[in-house]
Amino acid sequence: MIDLNLTSTVVGCRAVLPGMRAARRGRIINIASRAVVPPLGGFIGYTVAKSAVIALTQALAQEERPHGITVNAVLPSTMDTPGNRKAMPDADRSAWVSTESVADAIAFLASDSASAVTGACIPV
């Protein structure tokens, strides 16, 4: 869970930051999880990893603000995907989030309209 959800985010951020710093602008949008705000028991590895992604996002936002880089996160709840439908066939899907809604939030954070938004963790 740590490698899949946190280490991959750290590696991705490290990979893009040099080019963004050189350009003096950029947008990093991390994916955390609404399920860890507040933290719940039952899936500790996932909770710790996604909570760390939130902390990374907020700390990195402060560090990169002077370089013209914004760093934000989207926190989806359970997403309506084929994999989740298969894994939870009897679940009530009425509150599940569409992948389009998550994509819309990401697109906003990547846009020029969000140039002043940094360190935000947006639940979807």
Side-chain angles (χ1 to χ4, degrees):
M1 284 291 113
I2 298 292
D3 285 345
L4 178 65
N5 293 291
L6 176 59
T7 304
S8 61
T9 303
V10 170
V11 169
C13 290
R14 280 186 183 160
V16 299
L17 278 170
M20 289 180 176
R21 284 182 183 148
R24 307 270 319 143
R25 74 178 311 267
R27 303 278 186 274
I28 294 175
I29 300 123
N30 294 322
I31 308 300
S33 174
R34 178 70 182 97
V36 303
V37 182
L40 302 172
F43 46 103
I44 297 299
Y46 181 80
T47 299
V48 168
K50 289 297 191 175
S51 296
V53 170
I54 291 170
L56 170 70
T57 297
Q58 293 172 329
L60 197 57
Q62 297 306 311
E63 289 185 15
E64 297 306 323
R65 181 188 307 250
H67 303 286
I69 300 165
T70 64
V71 186
N72 295 290
V74 173
L75 285 62
S77 59
T78 303
M79 294 177 58
D80 192 354
T81 65
N84 280 341
R85 284 177 177 252
K86 184 176 179 181
M88 299 175 272
D90 299 324
D92 176 8
R93 299 180 188 142
S94 63
W96 288 13
V97 174
S98 71
T99 54
E100 292 82 7
S101 294
V102 175
D104 288 345
I106 293 168
F108 167 71
L109 290 171
S111 74
D112 288 338
S113 296
S115 64
V117 178
T118 194
C121 295
I122 301 175
V124 179

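Side-chain atoms are counted along with the backbone in the values below, which use heavy atoms only and exclude waters and symmetry mates.
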Cluster overlap Leu56 with Val117, hydrophobic side-chain contacts below 4.5 Å: no
Minimal non-hydrogen separation, Arg34 against Leu75, with atom names: CB-O, 3.4 Å
ILVMFWY cluster, Ile28 and Leu109 together (side-chain gap under 4.5 Å): no
Side-chain donor or acceptor of Ser101 paired with backbone N/O of Val97 under 3.5 Å: no
All side chain to side chain donor-acceptor pair (under 3.5 Å) counterparts of Thr70, not counting sequence neighbours: none
Contact summary for Leu6 and Ala49, nearest pair of heavy atoms: CB-O, 4.1 Å
Between CH2 on residue Trp96 and OG on residue Ser77, distance to nearest 0.5 Å: 10.5 Å
Closest non-hydrogen atom pair between Gly45 and Ile2, with its separation: O-CD1, 4.2 Å
Pair Arg65-Ile69, side-chain contact (heavy atoms from CB on, under 4.5 Å): steps then yes or no: CA-CA 5 Å; Arg65 181 188 307 250; Ile69 300 165; over 6 Å; no
Shared hydrophobic cluster, Ile31 / Leu4 (ILVMFWY, side-chain heavy atoms < 4.5 Å): no
Side-chain heavy atoms of Met88 within contact of Thr78, under 4.5 Å: yes
ILVMFWY cluster, Val48 and Leu40 together (side-chain gap under 4.5 Å): no
Within one Ile-Leu-Val-Met-Phe-Trp-Tyr cluster: Val36 and Ile44, side-chain cutoff 4.5 Å: no
Side-chain ion pair, Arg93 and Asp80, N-O less than 4.0 Å: no
Separation between NZ of Lys86 and OG1 of Thr81, rounded to the nearest 0.5 Å: 11.5 Å
Closest non-hydrogen atom pair between Ala105 and Val74, with its separation: CB-CG2, 4.2 Å
Exam field: side chain Ser33 to backbone Lys50, donor-acceptor pair closer than 3.5 Å: no
N/O donor-acceptor pair under 3.5 Å between Thr9 side chain and Asn5 backbone: yes
Shortest non-hydrogen contact between Asn84 and Met79, atoms and distance: ND2-O, 2.8 Å
Heavy-atom donor-acceptor pair, Arg21 side chain to Arg24 backbone, under 3.5 Å: no
Shortest non-hydrogen separation from Gln58 to Cys121 and the atoms involved: NE2-SG, 3.9 Å
Heavy-atom donor-acceptor pair, Ser111 side chain to Phe108 backbone, under 3.5 Å: yes
Residues Asn30, Thr57; criterion side-chain hydrogen bond (donor to acceptor under 3.5 Å, both in side chains); working and verdict: CA-CA 7 Å; Asn30 294 322; Thr57 297; 2.9 Å; yes
Interatomic distance, Ile106 atom CD1 to Ile29 atom CD1 [nearest 0.5 angstrom]: 7.0 Å
salt_bridge(Arg25, Asp112) N-O dist < 4.0 Å: yes
